[in-house]
Amino acid sequence: MPSKGRRTFIIGAGCTAFIKPRGLRTTEDMGLEAATKALLDAGVTYDSVESAFVGYCYGDSTSGQRALYNLGLTGIPISNVNNNCSTGSTAMYLANNMVKSGLNECSLALGFERMSRGSLGSNFPDRPSPTLPLNLVMKEVENNLSTGPNSGPGAPRMFGDGGQEYFDKYGANINHLAQIASKNHKHSVNNPYSQFRDGWTVEQVLASPKICQQLTKFMCSPTSDGAACCLIASEDFVHAHHLENQAIEIVAQALGTDEPSTFESKSAMELVGFGMTKSCADNVFTQAGFKEGEGRDQVGVVELHDCFAANELITYDALGLCAPGEAHKMVERGDNTYGGKYVINPSGGLEAKGHPLGATGLGMHFYIAMQLREWAGPMQAPGLFDIPDKRGKFGIVHNLGLGGACVVSLLRRPEFYKAGGKDGRDRLGYNHAHECRPVTMSDVDKVKSSKNSPFVLQLAKL
């Protein structure tokens, strides 16, 4: 089915640096920074925002209001969102649908996280985890793998199992995971927002401490603090505010959850969202007007959910970026980096850039939007517009959460896109696509609503 509703566009985007979780920043100040950058980028004030969706996993109720009240108290609906690791893109999905449906002309999606050190855990030890069914099936599934029962913390163990199933079926191995991780760490060297910029080699990745049978430390995403924000608007809003020189179209977007195969197939790959990803990917390409299995050759750049290198491997296959069972061959050809068929995770991905759960998906949309604007500087994927269609190639965002939810977005320049004139770089005073700077209260003053509270603002810390 073609995409229903109105056309929608990312008109502004902002991001903080993703940093080690050391309690140095609050969710309020990170959220204020990301939202202020997005508003400055778009050249609008908070008065233009008609609704907001704020994603986070580790925080008290109404943390979204607390962050956005620094920009004004306009009375708009603000909804707080939690969908595990796909939280940020879920907030984006909801904001997008408000505009797509015609209920709003401009909606804001914000995500942030202040995390604890170490592996993820529950904040509610007095009750069973929502992922209990996954954990129970995982133990049964491991008996079907050539390596038998695995070890290590729950999340890397589960994704390691998914990678092992791919190894057993198609002949991939841990060296392919090391190549993926090294590729991401090398990409991150060019990203000033990235938590790690070490550029680990394949040998260093393999030599890092083992986390489970299939994964070493440098193949795993870290816990992180950070925030990201996107403004979504209608085509009428784009033209009314003369944003034709930076608006990126959300051509199609899908959010999906688990189906019976997750639990009944006894597949480690299905357990970590292979089927959800494939379903969402097929959905967005169908929405974009492609026949089954088509459209991937028109993709140029991808930000996907590499919470662990094993998931990046199987996601190549699930998104349809390679023939079934040939993800490892794609790695061997270098078709996942500069000079290959696609540039995948030019930001460094979750493994290097960091993974503040509520911000991750919105950060992905930030990076792809900047790629399609050709503002990404040293991270820029080449050749995105070396095709006859002036809209250029598509960018894909893939964001996954166990438990489960998956969001896939298909982005592209619209046909009316025309670079030139004053744009977000002028309004921020630098190119925030590849320069990371803090915001000031002077920046906040430029975008805050006339309906604000001096009492609330005095609590803001930047």
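If you're wondering where the values come from, they're calculated on a predicted model, not measured in any experiment.
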(request) On the 0 to 90° scale, with breaks at 30° and 60°, tag the Tyr430-His432 ring pair as parallel, tilted or perpendicular. (result) perpendicular

Provide the closest heavy-atom pair for [X] versus [Y] in the form atom of the first, atom of the second, distance.
X: Ser107; Y: Ala95; answer: OG-CB, 3.3 Å
X: Pro346; Y: Val301; answer: CG-CG2, 3.9 Å
X: Gly401; Y: Asn84; answer: CA-CB, 4.2 Å
X: Ala227; Y: Gly31; answer: CB-N, 4.0 Å

Enter the distance from [X]:[atom1] to [Y]:[atom2] here, rounded to the nearest 0.5 Å.
X: Ile10; Y: Cys230; atom1: CD1; atom2: SG; value: 5.0 Å
X: Leu24; Y: Lys20; atom1: CG; atom2: NZ; value: 11.0 Å
X: Gln164; Y: Cys212; atom1: CD; atom2: SG; value: 9.5 Å
X: Phe394; Y: Leu372; atom1: CZ; atom2: CG; value: 10.0 Å
X: Lys217; Y: Ile211; atom1: NZ; atom2: CD1; value: 7.5 Å

Does [X] have any salt bridge (charged side-chain N to carboxylate O under 4.0 Å, His left out) partners at least two apart in sequence or in another chain, and if so, which?
X: Arg437; result: Glu435
X: Asp389; result: Arg391, Arg412
X: Glu235; result: Arg7
X: Asp335; result: Arg333

Any donor-acceptor pair under 3.5 Å linking the side chain of [X] with the backbone of [Y]?
X: Ser101; Y: Met98; value: yes
X: Asp317; Y: Cys322; value: no
X: His241; Y: Phe237; value: yes
X: Thr16; Y: Gly226; value: no
X: Asn245; Y: Lys422; value: yes
X: Thr262; Y: Glu259; value: yes
X: Asn431; Y: Ala433; value: yes
X: Thr440; Y: Asp443; value: yes
X: Asn311; Y: His305; value: yes
X: Ser208; Y: Val205; value: yes

Ring centroid separation for [X] and [Y], is it under 6.0 angstrom?
X: Tyr417; Y: Phe385; answer: no
X: Tyr338; Y: His187; answer: yes
X: His328; Y: Phe167; answer: no
X: Tyr193; Y: Phe366; answer: yes

Sub-4.5 Å side-chain heavy-atom contact between [X] and [Y]:
X: Val331; Y: Tyr316; answer: yes
X: Asn345; Y: Asp306; answer: yes
X: Met92; Y: Ile250; answer: yes
X: Phe112; Y: Pro356; answer: no

With a cut-off of 3.5 Å and sequence neighbours excluded, list every side-chain donor-acceptor pair involving residues 274-281.
unit_1 : atom_1 : unit_2 : atom_2 : d
Thr277 : OG1    : Gly273 : O      : 3.1
Thr277 : OG1    : His398 : NE2    : 2.8
Lys278 : NZ     : Asp282 : OD2    : 2.9

Between [X] and [Y], is any side-chain donor less than 3.5 angstrom from a side-chain acceptor?
X: Glu105; Y: Ser234; value: yes
X: Gln287; Y: Asn283; value: yes
X: Ser86; Y: Asn399; value: no
X: Glu249; Y: Thr8; value: no
X: Asn184; Y: Glu351; value: yes

(message) Could you go through Glu113 and Ser224, starting from their C-alpha distance and side-chain angles, then the distance that decides it, and tell me whether this counts as side chain to side chain donor-acceptor pair (under 3.5 Å)?
(response) CA-CA 7 Å; Glu113 211 69 74; Ser224 316; over 6 Å; no

(message) Under 4.0 Å between a side-chain nitrogen and a carboxylate oxygen: does that hold for Glu28 and Arg114?
(response) no

(message) Please determine whether a side-chain nitrogen of the Lys or Arg among Arg25 and Asp29 lies less than 4.0 Å from a carboxylate oxygen of the Asp or Glu.
(response) yes

(request) Not counting sequence neighbours, list each pair that qualifies as a salt bridge (charged side-chain N to carboxylate O under 4.0 Å, His left out) and has a residue in residues 182-192. (result) Lys183-Glu312

(message) Filter on salt bridge (charged side-chain N to carboxylate O under 4.0 Å, His left out), then keep only pairs touching residues 355-381, sequence neighbours left out; what's left?
(response) Asp41-Arg373, Glu374-Arg413

(request) Please list all pairs passing the ring pair (Phe, Tyr, Trp, His ring centres under 6.0 Å) test where one or both residues lie in residues 78-111, with sequence neighbours left out. (result) none

(message) Apply side chain to side chain donor-acceptor pair (under 3.5 Å) to residues His185 and Gln204 and explain how you reach the verdict.
(response) CA-CA 11 Å; His185 282 283; Gln204 288 172 314; over 6 Å; no

(request) With side chain to side chain donor-acceptor pair (under 3.5 Å) as the test, would you mind laying out the steps for Lys353 and Ser188 before giving the verdict? (result) CA-CA 6 Å; Lys353 176 186 74 224; Ser188 74; over 6 Å; no

(request) Taking side-chain contact (heavy atoms from CB on, under 4.5 Å) as the test, write out the residues that go with Pro438, two or more places apart. (result) none

(message) I'd like to check the side-chain contact (heavy atoms from CB on, under 4.5 Å) partners of Ser221; sequence neighbours left out, ordered by chain and number.
(response) Cys307, Leu350, His355

(request) Please say whether more than 12 non-hydrogen atoms of neighbouring residues, nucleotides or ligands are located less than 6.0 Å from CD in Glu415. (result) yes

(message) Could you walk me through whether Phe18 and Phe196 satisfy the ring-ring contact (aromatic ring centres under 6.0 Å, His included) test, starting with their C-alpha distance in whole Å, then the side-chain angles of each, then the deciding distance to 0.1 Å, before giving a yes or no?
(response) CA-CA 9 Å; Phe18 289 1; Phe196 297 118; over 10 Å; no

(request) Kindly state each residue pair satisfying side-chain hydrogen bond (donor to acceptor under 3.5 Å, both in side chains) with at least one member in residues 59-71, sequence neighbours excluded. (result) Gln65-Asn80

Identify every side-chain donor-acceptor pair in residues 402-409 under 3.5 Å, counting partners at least two apart or on other chains, and give the distances.
unit_1 : atom_1 : unit_2 : atom_2 : d
Ser409 : OG     : Gln253 : NE2    : 2.8
Ser409 : OG     : His365 : NE2    : 2.8

